[in-house]
Every structure is written in C-alpha cells, then in structure tokens.
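What follows is a short report on a single structure.
Heavy atoms only: backbone and side chains are in, while hydrogens, waters and symmetry mates are out.
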Amino acid sequence: MAEVVFVHGIGPVGQSAEDLLADWRMALVATLRGAEEHALAERLEGGGTDLAMAYYRHLFRPYDPADQWDVKLSPEQARTATEVGVGLLGGIEEHAGRERDRDEAARELTAFRTELGPAQGPPELLRLAVGGLARCGVVARAGFAALKTVLLRDLSQVAVYLDDEDVRERAVAALLELIGPDTRAVYAHSLGSVVAYEAVHRLEHPLPLLVTFGSPLGLRTIVRERLRPQPPAVPPTVKRWVNLADRDDFVVALLNLDRVFGDGTGVLEPTVKVTNPGFDAHAATKYLGHRQAVAPLVEALRGL
C-alpha cells in the first residue's frame, strides 16, 4: 500500500510504470519546491513518502493501432470510440479558450453528421471522428493532427476500457491493490480519473483526498451510459475531491464536474481552472506543475 497513489491516463502502451512514476514524482517535487514546501519535497524525492503508480496501459496492447487505418476494435468498440470522439468535439465547441477553436469544432461536428451514411461501418465512422478532431485547433497545435494514429489509439483505449470487461476489472484492480487505510491521496489523470472513480467506490475505508485532472468524467457517453455505479455520485468514502481542468485540454469534456456529480456536502469542490504552458494542454506533468495541484496534497500529508 502507498501513501500517495497515481493513476495514469491514455498514452503509449510501451511507457512503463517506472517512467511514469519518475516523471510525476519529479513534477510534484519541482512544484513543491516552487511553493517553498521544501520539507515535503525532500520527503517525496527521497522516498520518505511512499508513492506508487497504478499501471494498466499494457492491457491495451492487443488493440494498439499500427497506423491511422489500423482499427483493431470490434464493431461495438469502434462505435463507442466514435461516440467518445464526437463527445470530445462537443467539449471543444463548448469551452475552448479561443472562439476560432470553438467554431472549428462546431463545423467538424456538422460535417461529421452530414457525412453519416448507411454504407459506412463503424471503422469508417471512427476515422471520420479522428479526422474531425485532428483538424481542430486545440488538437492540431498540440501536434496530434500530424499523428492521427495517436488520436485513434487514445479513443481506442477509452472504448476498450468501457467495453472490455476484463480490461476494466484488471485496471480497477491495479489501483485497488495499492490503496490501503494509510493512503492519503489518489491523483488520477485522464482515463485514470474514470478508473479511480470506479475503484474508489469499492473502498470500505476513508480516502482523505482524490485529485483528478484532464478528466473525461463529464463526457456524456461515459457518465450517463457507462460509468459505474449509476447514477453518478461522489464516492462516499472520499473526504475531499479536487478537479483541475484546462479549457484547451481536448480530453476535458466538461469543465465543471458538479454539473454531473451533484454534491451538497462540499466534498467535490468547484473545478480549478488552470492554463497549462505550451501546446499540449493535456499533459499530466503540466497539470502537476500548478500550485493548485499540490496544495491539497500538502494539507493531506501535513503532520504525518
């Protein structure tokens, strides 16, 4: 069991748990030092605070595309991936920081719906959704437009998690085996926030802090139809839930999670809006570079 557990999101299946853990640890330590929390930074860097990465990315290896035309999903999974892609376009249309980006997303959604036809099967529709995302400014500036295979991979990973029961259970188990009564915080990025939501609902002991960032939890396809348990609710064992979002992070489907997870107890705090530097607004380490990301951890670990 670890005091602080990280949960990664979508990404390369070859990236190891050790590499991810090292990157997240380094980002947190740097931010803590910038916030003059030197004692806690020393603890995290020197191993005084036990950190662990819940790793499940290898489960997607059989579905990893070789190129943008290589759809290895079943028809049902391809339909789910398409719904996710369309939902992300809707999120860009709703909250992207630039009006031009919002307009681009609206045009791509209209074009996608116009091109729908009975002769197009799930793989073709998925490729249309990938193409639409690739042409959106917030995605193109991050470099994903030149790598449609990356977009296909990312949408596929979300779909596989939702549709492949074995993958879903093993991902949740990877997190649960690292959480114990002494765990003070879970930090979950991207798809990892969905894994964390479902895993934490199974806990029988309190969890002082849940931090989610770059989260698709507000995506209608996931929350209203697939998220477990239903209806969406704040996990009862969580004492504090902090969510961070960059409005130009294309994976963030909804800026304010309280619109989905109605919470009158104050456990789920209003989403912290951040602006990540550079073009890739979805990068986990950029979220961890904000003081708003480490301040809750300082409080959770204070006095230990």
Side-chain angles (χ1 to χ4, degrees), residues 1-31 44 49-64 84 88 142 144 147 150-162 164 166-179 183-200 207 209-217 219 222 227 241-246 249-253 274 276 280-290 293-294 296-297:
M1 307 301 175
E3 290 177 84
V4 181
V5 181
F6 300 141
V7 197
H8 64 75
I10 54 179
V13 297
Q15 192 173 24
S16 70
E18 292 76 18
D19 288 343
L20 284 164
L21 179 58
D23 289 346
W24 287 34
R25 182 199 301 269
M26 187 182 304
L28 274 182
V29 167
T31 310
L44 265 64
T49 296
D50 188 21
L51 309 178
M53 175 66 69
Y55 187 77
Y56 58 94
R57 207 174 275 172
H58 61 291
L59 301 175
F60 301 117
R61 195 176 299 278
Y63 302 95
D64 202 36
V84 171
L88 296 181
F144 290 108
L147 295 172
V150 173
L151 285 173
L152 176 59
R153 177 202 68 197
D154 292 351
L155 295 181
S156 296
Q157 288 184 6
V158 178
V160 168
Y161 177 83
L162 295 173
D164 187 318
D166 180 63
V167 168
R168 191 174 198 154
E169 284 300 314
R170 290 171 68 185
V172 169
L175 174 55
L176 287 176
E177 69 182 14
L178 296 175
I179 302 178
T183 299
R184 307 302 300 169
V186 170
Y187 272 67
H189 177 235
S190 188
L191 178 59
S193 66
V194 181
V195 178
Y197 171 87
E198 298 193 335
V200 168
L207 177 66
L209 175 64
L210 172 64
V211 178
T212 54
F213 46 104
S215 173
L217 275 169
L219 187 64
I222 294 174
L227 198 61
W241 182 355
V242 177
N243 183 61
L244 290 85
D246 184 318
D249 180 351
F250 75 98
V251 176
V252 173
V274 298
N276 291 329
D280 184 6
H282 185 58
T285 52
K286 291 185 179 180
Y287 276 105
L288 296 176
H290 294 282
V294 302
L297 182 64

field: Shortest non-hydrogen separation from Gly214 to Asp249 and the atoms involved
entry: CA-OD2, 3.2 Å

field: Non-neighbouring partners of Arg168 that pass salt bridge (charged side-chain N to carboxylate O under 4.0 Å, His left out), sequence neighbours left out
entry: Glu198

- line: Hits for salt bridge (charged side-chain N to carboxylate O under 4.0 Å, His left out) against Glu177, two or more places apart or cross-chain, chain-then-number order -> none

field: Where at least one partner belongs to residues 186-197, residue pairs that pass side chain to side chain donor-acceptor pair (under 3.5 Å), sequence neighbours excluded
entry: Ser190-His282, Ser193-Ser215, Tyr197-His201

Set of side chain to side chain contact (heavy atoms under 4.5 Å, CB included) partners for [X], sequence neighbours left out:
| X | result |
| --- | --- |
| Ala174 | none |
| Asp164 | Tyr63, Gln77, Val160, Asp166, Val167 |
| Pro12 | Gln15, Arg57, Arg153 |
| Ala293 | Leu244 |

Using side chain to side chain donor-acceptor pair (under 3.5 Å) as the criterion, list what pairs up with [X], not counting sequence neighbours.
| X | value |
| --- | --- |
| Asp23 | none |
| Ser156 | none |
| Asp19 | Ser16 |
| Thr49 | Arg43 |

- prompt: Going by the angle between their ring planes, with limits at 30° and 60°, are Tyr55 and His58 parallel, tilted or perpendicular?
  reply: parallel

message: Can you confirm whether Leu175 sits close enough to Val5 that some side-chain heavy atom of one is under 4.5 Å from a side-chain heavy atom of the other?
response: yes

query: Looking at CZ of Phe6 and CG of Leu20, how far apart are the two atoms once the value is rounded to the nearest 0.5 Å?
result: 10.5 Å

- request: Take Thr285 and Trp24 through the side-chain hydrogen bond (donor to acceptor under 3.5 Å, both in side chains) test and state the conclusion after the steps.
  value: CA-CA 6 Å; Thr285 52; Trp24 287 34; over 6 Å; no

